[in-house]
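Structure, as structure tokens:
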Amino acid sequence: MLDKLPDLIDPVYSSQHDKRFVARVNQERFPRLKQLLFSAEHDVEVDVHFYYHPQYKMHGFDMELDTVFTLECQRSLKGFDYPSSSTITGVFVESMALAEDLPSDVEVYEVSEEKISLMDLVEDELMLSVPLSPINEASEMDYQNPSEEVELPEEKELEKKENPFAALKGLKDNPN
């Protein structure tokens with residue numbers, strides 16, 4: 001297994017030559033993904049196979065991504081591990097108009113340059129796997145224990161506060 005993925009590849013050349021890239025990449029190497037994580041200590045197992053898709057008659061790829069995200073629980077505000085595994089089928093097109101008849105489960109990538117960043121392609125798919133509001137189901141909210149008594153101001157203290165409209169009452173009683 002490779003330790004890293006090539007950064008720039010030619011998707012057409014890779015498809016024509018049935019290229020496959022298999023690697024283990026640390027999450028630290030994905031700067032945009034790292035911003036979404038509590039910590040980026042895990043590796044991502046990447047398996048990308050480029051080929052000419054016979055059904056769609058386009059250059060395409062299959063990608064499998066396996067990793068564990070360490071996310072911040074929105075309930076407890078503590079880190080927890082969230083396993084993620086995804087399989088993506090995608091095609092490359094020169095214009096989005098060519099992709100109108102494709103099924104919705106096929107990812108479409110518009111290629112405007114000869115080479116694309118494989119690292120960016122992987123990072124985009126990883127970012128889509130991160131939940132918007134991660135919650136660890138085993139966690140509890142970090143709040144005050146309800147058995148502890150909360151001190152409330154006494155009613156007499158509340159009554160002592162001066163009414164802000166008391167001055168107006170004085171004007172009403174003395175019209176001059």
Side-chain angles (χ1 to χ4, degrees), residues 1-139 141:
M1 189 176 289
L2 298 173
D3 288 337
K4 64 179 195 170
L5 291 174
D7 188 25
L8 294 176
I9 63 160
D10 181 348
V12 174
Y13 175 84
S14 297
S15 300
Q16 290 171 340
H17 291 86
D18 206 33
K19 293 279 187 180
R20 176 178 227 126
F21 300 98
V22 179
R24 181 182 297 265
V25 183
N26 191 281
Q27 293 171 348
E28 285 283 334
R29 299 235 6 246
F30 303 106
R32 293 178 295 143
L33 174 68
K34 199 167 89 170
Q35 293 175 356
L36 302 176
L37 302 178
F38 190 73
S39 72
E41 61 195 38
H42 297 285
D43 289 339
V44 180
E45 293 180 20
V46 181
D47 183 356
V48 186
H49 178 224
F50 293 91
Y51 59 95
Y52 186 79
H53 203 294
Q55 181 181 357
Y56 307 131
K57 297 184 178 17
M58 297 178 180
H59 299 285
F61 67 93
D62 289 330
M63 182 180 345
E64 291 183 28
L65 303 172
D66 289 311
T67 191
V68 175
F69 297 125
T70 302
L71 303 172
E72 182 178 33
C73 175
Q74 297 302 299
R75 183 181 293 154
S76 66
L77 302 179
K78 296 177 183 165
F80 73 102
D81 287 344
Y82 180 84
S84 175
S85 180
S86 57
T87 303
I88 301 101
T89 298
V91 295
F92 298 104
V93 296
E94 292 177 7
S95 167
M96 291 305 275
L98 298 172
E100 291 176 0
D101 297 332
L102 293 174
S104 62
D105 63 336
V106 175
E107 299 285 333
V108 179
Y109 295 91
E110 188 172 13
V111 179
S112 58
E113 299 177 13
E114 192 172 302
K115 295 195 178 224
I116 64 166
S117 171
L118 185 55
M119 291 293 287
D120 285 348
L121 184 69
V122 170
E123 185 175 27
D124 290 344
E125 292 302 330
L126 286 170
M127 289 175 64
L128 290 172
S129 298
V130 176
L132 290 176
S133 184
I135 294 177
N136 182 1
E137 297 301 325
S139 70
M141 287 186 71

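- Separating the CD atom in E114 from the CG atom in L8 is a distance of 11.0 Å, to the nearest 0.5 Å.
- Scanning both residues, I88 and E125, for their nearest heavy atoms gives CG1-OE1, 3.5 Å.
- Formation of a donor-acceptor pair under 3.5 Å by the Y52 side chain with backbone atoms of K57 is found in this model.
- Of the possible polar contacts, one joining the Q27 side chain to the V68 backbone as a donor-acceptor pair under 3.5 Å is found.
- A 4.5 Å side-chain heavy-atom check between L102 and Y56 finds at least one atom pair inside the cut-off.
- A 4.5 Å side-chain heavy-atom check between D105 and T89 finds every atom pair outside the cut-off.
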Inset, instruction - List the steps, then state whether side chain to side chain contact (heavy atoms under 4.5 Å, CB included) holds for K19 with V48. - result: CA-CA 8 Å; K19 293 279 187 180; V48 186; over 6 Å; no
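- For V122 against M63, the heavy-atom pair with the smallest separation is CG2-SD, 3.9 Å.
- The two residues N136 and R75 have their closest heavy-atom pair at O-NH1, 3.6 Å.
- A salt bridge is defined here as a Lys NZ or Arg NE, NH1 or NH2 lying under 4.0 Å from an Asp or Glu carboxylate O, and K34 with E28 meets this definition.
- Residues E41 and N26 come closest through the heavy atom pair O-ND2, 3.7 Å.
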Inset, instruction - Step by step, work out the side chain to side chain contact (heavy atoms under 4.5 Å, CB included) result for L126 and L65. - result: CA-CA 8 Å; L126 286 170; L65 303 172; 4.0 Å; yes
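- In this structure, CZ on F21 lies 8.0 Å from CG on L5, to the nearest 0.5 angstrom.
- Under a cut-off of 6.0 angstrom, the local environment of OH in Y82 is sparse, with at most 12 non-hydrogen atoms contributed by other residues, nucleotides or ligands.
- Going from atom CD1 of I9 over to atom CG of L121 covers 7.5 Å, rounded to the nearest 0.5 Å.
- Side-chain contact between V22 and D47 is present, with at least one heavy-atom pair separated by less than 4.5 Å.
- Within the 4.5 Å cutoff, side-chain heavy atoms of P131 are placed close to those of L71.
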Legend entry - Steps toward side chain to side chain contact (heavy atoms under 4.5 Å, CB included) verdict (V25, M119): CA-CA 10 Å; V25 183; M119 291 293 287; 4.0 Å; yes
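- Panel note: side chain Q74, backbone E72; a donor-acceptor pair is recorded below 3.5 Å.
- For the pair E45 (side chain) and T67 (backbone), a donor-acceptor distance under 3.5 Å is absent.
- Put simply, the side chain of F92 does not reach to within 4.5 Å of the side chain of V12, judged on heavy atoms.
- Each ring pair (Phe, Tyr, Trp, His ring centres under 6.0 Å) pair with one or both residues in residues 102-128, not counting sequence neighbours, appears once here: F61-Y109.
- A heavy-atom distance below 4.5 Å is found between the side chains of V130 and F69.
- Counting heavy atoms from C-beta on, the side chains of D62 and T87 never come closer than 4.5 Å.
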Inset, instruction - Run the numbers on V111 and E94 for side chain to side chain contact (heavy atoms under 4.5 Å, CB included), then give the verdict. - result: CA-CA 5 Å; V111 179; E94 292 177 7; 6.0 Å; no
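- A distance-only check finds no donor-acceptor pair linking the side chain of S139 to the backbone of I135 [under 3.5 Å].
- Y51 is not listed as a side-chain neighbour of S15, based on a closest heavy-atom distance of 4.5 Å or more.
- Taking CZ of R32 as the start and CG of D124 as the end, the distance is 4.5 Å to the nearest 0.5 Å.
- Here the straight-line distance linking atom SG of C73 with atom CZ of F38 works out to 10.5 Å at 0.5 Å rounding.
- Note that CE of M96 is 6.0 Å distant from CD of E110, once rounded to the nearest 0.5 Å.
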